[in-house]
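Only one structure is covered here, and it is reproduced in the block below.
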Amino acid sequence: MHFIDERTLLIENFPRLHVAILMDGNGRWAASRGLPRSEGHRAGVEAVRRVVKAAPELAVGTLTLFAFSGDNWQRPANEVIALLDLVESYLLGEAANCAAGGVRIRVIGRRDRIPPSLKAAIEAAEAVTSQGRGLELRIAVDYSSRDAILRAACWMLSSLEVSQAEFARRLGEVTHAGRSSADVDLLIRTGGEHRLSDFLLWECAYAELVFVSKMWPEFEAGDLEAAIGEFGLRERRFGRVPAVVAGD
Ligand code: FPP
């Protein structure tokens, strides 16, 4: 008899979502406890572990996390170093676990300005997890959506006519995202702010947006589940009329 566990059943029977998260509020979380901002980012990594563990069971197929933006280079040097170090240690420490748990890691963003040790950790994590099929974990590092769109557009300048699918494929290539840039279904931002901050602008064209007032280090698996529950109540129309009107 072929035994299928509950997790496999969920993954196979439901559409697998692309959830993107703007993990905001680490600095405020730390400040409210009299801690340096870097401690907020450290606590943020624990929240990352929680959502990565919970995601496959919530029918998430791709999870894109915004770890470091192109504009974050303008933060104080010690914070920049702390953030990039955290991403590097996460990749070094988690790649083997991810591979064992069926999680494929991809890091999206530029690779020409990051420290060589981080670049090496990215390449190693991507290689060792390349067979993962349970969840695609995309970590955005030195990522700017405008920069990516501009570079993909410049690359295509010589083509006279370009389809959206072809452009998305090029966008996937310039950001190291793989086969294509992948549309986002649900975008979550923690920390109470309501903006996109140059994250996945092309990919979020029809994303449902959910804003959460909690600071990122406080984010739990239950908050991800609640956001996905809210997503399930939304009617996605993609510019068309509601089904009930179309049937009139
Ligand atoms: C925004 O909060 C958060 C960031 C700029 C960094 C997020 C990074 C992590 C959670 C850790 C590393 C990630 C991985 C995937 C290992 P903020 O500092 O702008 O907060 P504030 O608005 O309260 O100041």
Side-chain angles (χ1 to χ4, degrees), residues 19-55 60 62-98 101 103-111 113-115 117-122 124-126 129 132 135-145 175-177 187-200 211-221 223-224:
V19 175
I21 310 184
L22 275 146
M23 309 179 288
D24 197 15
N26 294 347
R28 279 167 287 161
W29 180 89
S32 70
R33 285 161 179 75
L35 298 169
R37 292 177 59 82
S38 56
E39 285 305 313
H41 298 314
R42 203 175 301 284
V45 176
E46 294 312 312
V48 167
R49 289 188 219 283
R50 292 194 289 273
V51 296
V52 170
K53 184 161 179 267
V60 177
T62 304
L63 178 67
T64 305
L65 303 176
F66 206 179
F68 189 85
S69 78
D71 286 326
N72 286 156
W73 291 110
Q74 296 168 61
R75 292 191 175 202
N78 63 344
E79 186 171 345
V80 168
I81 292 166
L83 271 169
L84 296 179
D85 277 354
L86 280 174
V87 175
E88 189 175 321
S89 340
Y90 179 84
L91 294 171
L92 293 173
E94 289 294 324
N97 287 342
C98 285
V103 177
R104 176 176 194 159
I105 296 177
R106 284 187 202 267
V107 174
I108 63 166
R110 293 179 61 155
R111 297 205 181 162
R113 306 190 291 192
I114 56 174
S117 58
L118 175 55
K119 189 163 180 272
I122 291 171
E126 288 182 335
T129 63
L135 173 72
E136 181 158 304
L137 171 62
R138 299 183 181 200
I139 302 176
V141 177
D142 195 6
Y143 176 86
S144 155
S145 197
T175 58
H176 305 274
L187 177 94
I188 303 169
R189 182 174 188 138
T190 59
E193 311 281 3
H194 296 184
R195 49 177 177 262
L196 292 178
S197 300
D198 201 12
F199 190 37
L200 302 171
F211 298 102
V212 178
S213 56
K214 269 190 181 180
M215 302 295 133
W216 175 251
E218 296 162 338
F219 198 82
E220 304 281 348
D223 298 307
L224 178 61

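Values below: every heavy atom of this structure, side chains too, minus hydrogens, waters and symmetry copies. One-based numbering, in listed order, for ligands and for the atoms of each. This is a predicted model, so every value here is computed, not measured.
- Looking at Glu193 against ligand 1, nothing comes within 4.0 Å, counting heavy atoms.
- Near Tyr90, with a cut-off below 4.0 Å to any heavy atom, the atoms of ligand 1 are 16 (C).
- Closest approach of Ile21 and Phe199 over heavy atoms only: O-CE2, 3.7 Å.
- A salt bridge links Asp24 with Arg28; the closest basic N to acidic carboxylate O contact falls under 4.0 Å.
- Taking 4.5 Å as the limit, every side-chain heavy atom of Arg104 sits out of range of all side-chain heavy atoms of Glu126.
- When hydrogens are left out, the protein atom nearest atom 3 (C) of ligand 1 is Met23 O, 3.1 Å; that is the closest non-hydrogen contact.
- Between Glu136 and Arg106 there is a salt bridge, with a side-chain nitrogen of the basic residue lying less than 4.0 Å from a carboxylate oxygen of the acidic one.
- Against a heavy-atom cut-off of under 4.0 Å, Leu83 is close to the following atoms of ligand 1: 6 (C), 8 (C).
- Nearest to atom 10 (C) of ligand 1 among the protein's heavy atoms is Asn26 ND2, 3.4 Å.
- In terms of polar-atom proximity, defined here as any N/O pair under 3.5 Å, Gly44 makes no such contact with ligand 1.
- When side chains are defined from C-beta on, Leu84 counts as touching Pro115, because their heavy atoms get closer than 4.5 Å.
- Under the 4.5 Å side-chain criterion, counting only non-hydrogen atoms from C-beta, Tyr90 is in contact with Arg49.
- Taking any N or O of Val87, backbone or side chain, none lies under 3.5 Å from an N or O belonging to ligand 1.
- In this pair, Tyr143 and Phe66 present their aromatic rings perpendicular. The plane angle is above 60°, beyond the 30 to 60° band.
- Annotation: atom 6 (C) of ligand 1 to nearest protein heavy atom, Ala67 O, 3.3 Å.
- Proximity of Arg42 to ligand 1 is not established, as no heavy-atom distance is less than 4.0 Å.
- Checking only distances, Trp29 never comes within under 3.5 Å of ligand 1, N or O to N or O.
- Heavy-atom distances between Gly25 and ligand 1 reach below 4.0 Å in at least one pair.
- Protein heavy atom at the shortest distance from atom 19 (O) of ligand 1 is Arg75 NH2, 2.7 Å.
- In this structure, the salt bridge (Lys or Arg N to Asp or Glu O under 4.0 Å) partners of Lys214, at least two apart in sequence or on a different chain, are Asp223.
- Using a 4.5 Å heavy-atom threshold, the side chains of Glu88 and Ser117 count as touching.
- Residue-ligand proximity, Asp24 to ligand 1, at heavy-atom distances under 4.0 Å covers atoms 1 (C), 2 (O), 17 (P), 19 (O), 20 (O), 21 (P), 22 (O).
- Met215 contributes atom CE, which lies 8.0 Å from atom OG of Ser32 (distance to the nearest 0.5 angstrom).
- The atoms of ligand 1 that sit less than 4.0 Å from any heavy atom of Asn72 are 5 (C).
- Here the heavy atom of the protein found nearest to atom 4 (C) of ligand 1 is His41 CE1, 4.0 Å.
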